[in-house]
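This chain uses plain numbering: 1 for the first residue, then up along the sequence.
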Amino acid sequence: DPATGRIALPPQDVQPGRYAVAGERLGVSGETLARNGELALYRLDPPARLRQTINGVYADGWMSHEATLTQFATPGDRPARLLVTVSRAAWGGPDVPGRVLLRLGTVVTREGRAEIGNVLETRSWVAHSGKTHVFKVSTPAPPFRVELEVSPTFSPSEFGQDDRRQLGVTVGFELVDAKKGS
């Protein structure tokens, strides 16, 4: 379910098991029991659901124009603090300033896809070559969604490198439990 992250197996009378093997980037909600390469074994937190989905981020951490985090579970399903690190520290080439826009809001489903609903907070920063910024935002109880946009992007190939992707910033999401104050 794109609005809740719940995992349902057809037919509807079959319940998901207590354990799951999935790629770590998938973000299954539960305790990680073992890892092997990209796969992890989880003890599921009922109901079976995803903890989060991240879209628009390459395996090396770079995003292009758009990236999203949809968070379906937090510790105790409470509001939390979210640290969103955006950076061009890995880019030492010519400076191509890019405006980074962060929007935090509720989750709605439109045409079977999760989207941002009520926007609760908006932040921005201008990315420069070699620079890093951390957005610190207070989240509502899950589910919630973060959308990032970068404009303009750049391609390292414009500066003599082999990478032809359009790059915005590298991005990292770290959920911090607000109740513990960490």
Legend entry - From OH (Y19) to OH (Y42), nearest 0.5 Å: 15.0 Å
Legend entry - Donor-acceptor pair, side chain of H65 and main chain of V150, under 3.5 angstrom: yes
Legend entry - A80 backbone acceptor or donor facing T139 side chain under 3.5 Å: yes
Inset, instruction - Would you check if V57 and W62 make a side-chain contact, meaning some heavy-atom pair closer than 4.5 Å? - result: no
Inset, instruction - For a side chain to side chain contact (heavy atoms under 4.5 Å, CB included) with T74, tell me which candidate from P142, S29, P140, P79 qualifies. - result: P142
Inset, instruction - With rounding to the nearest 0.5 Å, note down the distance linking CG in L83 to CZ in F173. - result: 11.5 Å
Inset, instruction - Please work out whether the ring planes of F154 and W91 are parallel, tilted or perpendicular, with thresholds of 30° and 60°. - result: tilted
Legend entry - Donor-acceptor contact below 3.5 Å, side chain T32 vs main chain A34: no
Inset, instruction - Examine distances only and state if a side-chain atom of T122 and a backbone atom of R103 form a donor-acceptor pair shorter than 3.5 Å. - result: no
Legend entry - Sidechain-backbone polar pair: Q71 side chain, A73 backbone, donor-acceptor under 3.5 Å: yes
Inset, instruction - Any chance you could lay out the salt bridge (Lys or Arg N to Asp or Glu O under 4.0 Å) test for D77 and R51, step after step, and finish with the verdict? - result: CA-CA 10 Å; D77 287 329; R51 180 182 67 252; over 6 Å; no
Inset, instruction - Scan side-chain atoms only and decide if T70 and R145 contain a donor-acceptor pair under the 3.5 Å cut-off. - result: yes
Legend entry - Cationic tip of R165 above Y58 ring, under 6.0 Å, 45° of axis: yes
Inset, instruction - Would you mind reporting whether E121 and V119 have side-chain heavy atoms less than 4.5 Å apart? - result: no
Inset, instruction - Determine the sole option in V169, T132, L167 for which the side chain to side chain contact (heavy atoms under 4.5 Å, CB included) test with R88 is passed. - result: V169
